[in-house]
Amino acid sequence: MNIGSSPFDETEEEDYYEQQQQHMSLDRSPSPRLSGGWSSPGLTTPHDGAANLSRGPSPSKRPNGTPRDVTWASAKAASARVNGYPSYTSQNQGFFSRHMRKVSEALPYFAHGGQEDRLREKEKLGRGRAGPGGSGRGLRVGDMARRVALLLNRRRRYAALLMLAIVGILLWFSTPIKYLYRRTSFLGGGSKFVIILGANQGGGVMEWKGAREWAIERDSVKNKKRYANEWGYELEIVDMATKKRYAHEWRESWEKVDVIRNSMRKYPNAEWFWWLDLNTFIMEPSYSLQSHIFSNLQATTYRDINLYNPLHIQHPPNGTSGDPNAPKFANYLDPIALSATGDSDPNSINLLVPQDCGGFNLGSFFVKRGEWTDRLLDVWWDPVFYEQKHMEWEHKEQDALEYIYTNQPWVRPHVAFVPQRKINAFPHGACGDDRGVPEGGCGGLDISGKEPKGGKEKECGVQGIHYQEKERDFLVNMAGCEWGRDCWGEMYNFRELSMKLNRNLWEKFKDWWDGEDEEDVKKKKEGEKKEGKKE
Amino acid sequence: MQFPYPRKTSQPPAYQPSRASTFQRRRTLRNLAPYIAGILTLILLFVYFLRPSTPTTTRAPPGTPPVVLVTTLDAKQSEHYKANIIENRKDYASRHGYSTFFPNTTDYDLMSGVPSSWSTVPAMRHALTLYPHTPWIFYLTSTALIMNPSQPLDLKVLDPRKLESLMIVDRPVVPPDSVIKTFSHLKGERIDFILTQDKEGLAGGSLLLRNGEWAKFFLDAWYDPLYRSYNFQKAEGHALEHIVQWHGTVLSKLALVPQRVLNGYTKEVAGSEEGRYQEGDFVANFHGCARDPKRNCEMEMKPLMVRWQELRDGEGRR
């Protein structure tokens with residue numbers, strides 16, 4: 001034990017000096033050499049080794065039979081030092097040493113530094129007891145572990161082991177555990193969401209797909225798969241190939257309703273079903289649906305269609321022909337159906353659609369399982385409606401939904417709208433040109449219907465349509481790209497942009513190392529954008 | 001003898017219960033506290049996450065009538081006739097604590113060229129709005145008379161067990177050959193729509209509708225402008241048959257009951273005896289008298305109207 005000259009408690013000062021002096025005076029025995037033996041000149045003899053060997057089974061003989069240079073004399077001296085009459089006071093006396101000992105006990109290696117040699121000698125002499133010191137000199141892993149173990153009492157040891165095991169398991173299985181947590185309905189709630197991706201649209205017998213179409217499909221599917229895996233959602237990829245079943249029937253390309261219904265049957269415990277067209281790309285996979293929308297439906301959605309009403313749907317409905325001279329009971333509807341916001345309870349929202357410049361957009365929308373949804377899916381397609389309107393309804397089920405929303409008052413209290421940029425942002429070129437955001441951004445997608453930041457000329461608030469990189473919009477829907485735009489080019493650019501925006505620290509560092517500073521990135525991106533536009 | 005250890009004494013000390021001192025107890029408590037707290041937190045978390053959603057049932061205010069009778073009155077009919085009909089309904093309603101509602105067929109804004117008979121649908125929707133807590137709506141056409149007012153609808157058909165015994169299952173919705181048949185395993189509690197069938201199809205002259213979200217959906221879907229403009233031959237009657245056959249969410253709420261329970265015909269058009277009104281039946285329906293220009297409802301109804309008045313007055317005298 002090495003007593004340092006560090007400051008210590010004043011009251012014990014005298015004690016300490018006394019002890020120190022005592023120590024000094026008594027500790028005059030020859031000091032041990034590192035190699036063993038003693039430095040006193042007269043005691044070493046040239047015959048040491050032979051004498052040692054000749055004395056039969058030498059206590060210093062190790063099991064492997066290698067004799068060490070320990071002399072009888074030195075052993076005796078050491079022995080006397082340990083077993084004989086204590087020639088010096090225990091080091092354990094006095095406040096300071098006691099406490100230092102306590103402290104130093106916690107440090108496994110240095111704890112018995114002062115006694116190390118003595119113990120080692122002792123063992124060599126064959127009196128080896130299972131001392132706490134062990135025989136090794138220097139730091140050895142096993143040694144240290146044993147010391148730690150000895151320092152702990154049994155219960156603590158078990159607790160520590162358990163903790164270690166738990167931490168180990170958690171680390172080792174961190175990915176599956178995170179996934180499980182996010183999936184479990186009462187924890188992360190991921191299994192309550194089903195993403196339905198309509199793949200292979202118009203494929204099958206109608207049209208051969210080229211390399212670009214396949215590439216679009218591959219990228220889109222991969223993107224959704226990753227997202228679903230990240231958050232523990234269900235992913236249902238449906239083959240929308242024009243089936244023969246529909247080819248000669250009235251219901252041509254109305255499969256969306258059937259597909260949603262099938263998914264509801266397939267995932268009986270899921271709550272929300274998210275329809276996604278193939279030409280969509282999730283730009284920010286780090287947004288969960290819960291945090292993005294569903295944890296706070298009241299604040300992320302709006303019910304009153306008058307806030308943003310590209311179709312000029314009359315609200316409140318009066319269920320009439322729209323004749324202003326309607327008879328006296330024209331408004332025979334209940335107050336909830338007449339209210340612009342239904343019952344204003346977010347739990348009654350069953351359908352969540354974005355509106356683009358031309359009305360509802362079903363490229364990305366949510367339905368909630370429930371009786372209301374069953375009814376809606378049931379009346380969505382009707383032969384009488386179809387017979388009268390199929391020439392007029394260019395967008396088929398989208399127009400039909402708008403029609404039902406307009407004319408059947410039971411629908412409205414359960415429909416809510418999402419600002420389009422929240423789940424269905426368009427690229428530049430769809431629904432007109434990108435109007436950009438004002439200086440300093442929009443500050444969130446305001447749904448209050450107040451004059452948005454930057455006025456009507458910008459992409460803020462409920463009228464925002466186009467994807468804004470600065471605002472990190474969630475999803476891009478390349479709607480209508482198959483008519484005169486380049487689907488694959490857009491998909492590629494957005495994929496690259498998403499990857500760039502979501503680089504991790506290491507990748508950012510690498511890019512920085514490669515000398516690609518912000519300016520370069522910007523230039524490169526703009527170049528890409530221009531290219532994209534050209535295409 | 002020498003023993004290495006002191007021997008046990010022959011008189012052991014009196015047994016003392018090993019009661020832990022307060023200090024020890026406190027220490028064990030302190031040691032256990034984190035575990036207990038942890039378990040409690042877990043339980044609370046579970047309770048929090050697994051708690052059932054709060055039911056949002058609104059209690060009906062006292063004095064809510066259990067049934068509302070709805071009859072739409074045609075402006076073309078004579079005042080005397082209308083008064084008789086209203087009297088007939090009110091008599092029945094007052095016996096059982098029901099309410100009545102008599103809108104005119106012209107009250108609602110049907111589109112131009114749409115038969116006025118369509119007004120029955122918004123009239124029912126209107127009744128739902130006026131009586132939001134009333135569980136049932138009873139619609140009876142103005143060409144029908146309540147002949148036997150003694151039994152409340154509850155006993156007659158609304159009680160789930162009674163309804164289950166009356167329900168006609170697995171019957172083509174539109175006789176004789178519709179492939180859509182009424183469901184065979186329906187619970188009385190889950191029925192929202194009760195009506196009868198005559199020889200030609202569903203008889204919409206007398207029907208019961210349970211108030212609720214489904215009723216709103218059903219009436220709004222039925223009243224859709226595209227159905228009104230489609231020129232169904234029998235207007236709302238055919239539209240009803242159409243939605244029942246094409247939409248499962250409607251069919252699954254519908255129960256057919258024998259015709260005479262709700263809707264006995266005085267003159268069977270298709271010549272069946274099954275649905276023919278007999279003395280003592282609940283309702284006598286002069287079906288088709290308003291539609292057919294050769295018939296006159298008031299004249300046809302006169303004998304039974306007199307008979308009903310006789311019965312009522314005789315009852316009062318007794």
Side-chain angles (χ1 to χ4, degrees), chain A residues 155 159 184-189 261 317-338 343 345 347-348 350 370-389 392 400 403-414, chain B residues 31 45-46 48-51 53-54 56 103-114 119 121-132 211-232 238-239 242-243 245-253:
Chain A
R155 209 189 59 193
T184 313
S185 55
F186 57 88
L187 298 172
R261 230 186 258 156
N318 64 3
T320 65
S321 53
D323 180 5
N325 306 316
K328 60 174 180 173
F329 281 151
N331 275 336
Y332 56 86
L333 296 167
D334 52 303
I336 287 179
L338 290 176
D343 59 0
D345 177 7
N347 290 320
S348 70
N350 288 320
E371 288 188 327
W372 183 91
T373 305
D374 289 345
R375 288 165 201 155
L376 180 76
L377 295 178
D378 194 14
V379 296
W380 203 325
W381 190 84
D382 183 279
V384 170
F385 294 4
Y386 191 86
E387 191 182 332
Q388 294 177 74
K389 291 285 185 182
E392 210 177 297
Y403 171 82
I404 292 170
Y405 180 88
T406 311
N407 290 295
Q408 299 192 7
W410 67 279
V411 175
R412 296 192 191 198
H414 297 273
Chain B
N31 286 345
L45 274 177
F46 267 85
Y48 174 77
F49 280 115
L50 301 178
R51 75 192 188 285
S53 51
T54 45
T56 49
N104 289 311
T105 51
T106 51
D107 282 349
Y108 303 100
D109 181 16
L110 312 171
M111 295 184 304
S112 56
V114 169
S119 60
V121 186
M124 279 189 272
R125 186 77 153 94
H126 197 180
L128 293 179
T129 304
L130 293 177
Y131 298 91
N211 198 344
E213 284 293 304
W214 184 85
K216 289 174 192 167
F217 149 70
F218 166 65
L219 292 175
D220 288 348
W222 189 3
Y223 192 57
D224 193 282
L226 283 180
Y227 291 140
R228 274 182 276 159
S229 63
Y230 190 61
N231 289 325
F232 283 111
H238 271 159
H242 169 82
I243 49 175
Q245 290 185 83
W246 277 94
H247 300 299
T249 46
V250 175
L251 185 63
S252 65
K253 295 287 184 184

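In what follows, every chain begins at residue 1, and chains take the letters A, B, ... in the order their sequences are listed.
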Trainee: Measuring from atom CD of B/Glu213 to atom NE2 of A/His414, what distance do you get when rounded to the nearest 0.5 angstrom?
Mentor: 4.0 Å
Trainee: Shorter than 4.5 Å, heavy atoms on both sides: which option in A/Tyr403, A/Phe385, A/Trp410 has the most such pairs with chain B?
Mentor: A/Trp410
Trainee: For a 4.5 angstrom cut-off between non-hydrogen side-chain atoms, does A/Phe186 reach B/Tyr48?
Mentor: no
Trainee: Atom CH2 of A/Trp380 and atom NE2 of B/His247: how far apart are they, to the nearest 0.5 Å?
Mentor: 13.5 Å
Trainee: As an exercise, state the distance from CG of A/Asp374 to CH2 of B/Trp214, rounded to the nearest 0.5 Å.
Mentor: 14.0 Å
Trainee: Going from CG on B/Asp220 to CZ on A/Arg375, what distance comes out if it is rounded to the nearest 0.5 angstrom?
Mentor: 11.5 Å
Trainee: Once you round to the nearest 0.5 Å, how far does CD of A/Gln388 lie from OH of B/Tyr230?
Mentor: 6.5 Å
Trainee: Please identify each residue that fulfils ring-ring contact (aromatic ring centres under 6.0 Å, His included) with B/His238, with sequence neighbours left out.
Mentor: none
Trainee: Counting only heavy atoms closer than 4.5 Å, note whether B/Pro122 contacts chain A via side chain, backbone, both or neither.
Mentor: both
Trainee: Work out which heavy atom in B/Tyr227 is nearest to a heavy atom in A/Asp382; give both atom names and the distance.
Mentor: OH-OD2, 2.6 Å
Trainee: Do we see a donor-acceptor contact under 3.5 Å between the side chains of A/Tyr332 and B/Asp107?
Mentor: no
Trainee: What distance separates B/Arg228 CZ from A/Asn407 CG, expressed to the nearest 0.5 Å?
Mentor: 8.0 Å
Trainee: Heavy-atom pairs under 4.5 Å with chain A - which of B/Leu130, B/Ile243, B/Asp224 has more of them than the others?
Mentor: B/Asp224
Trainee: Between B/Leu226, B/Leu45, B/Thr129, which shows the greatest number of heavy-atom pairs under 4.5 Å with chain A?
Mentor: B/Leu226
Trainee: Go through the atoms of B/Phe218 and report whether side chain, backbone, both or neither lie under 4.5 Å from a heavy atom of chain A.
Mentor: neither
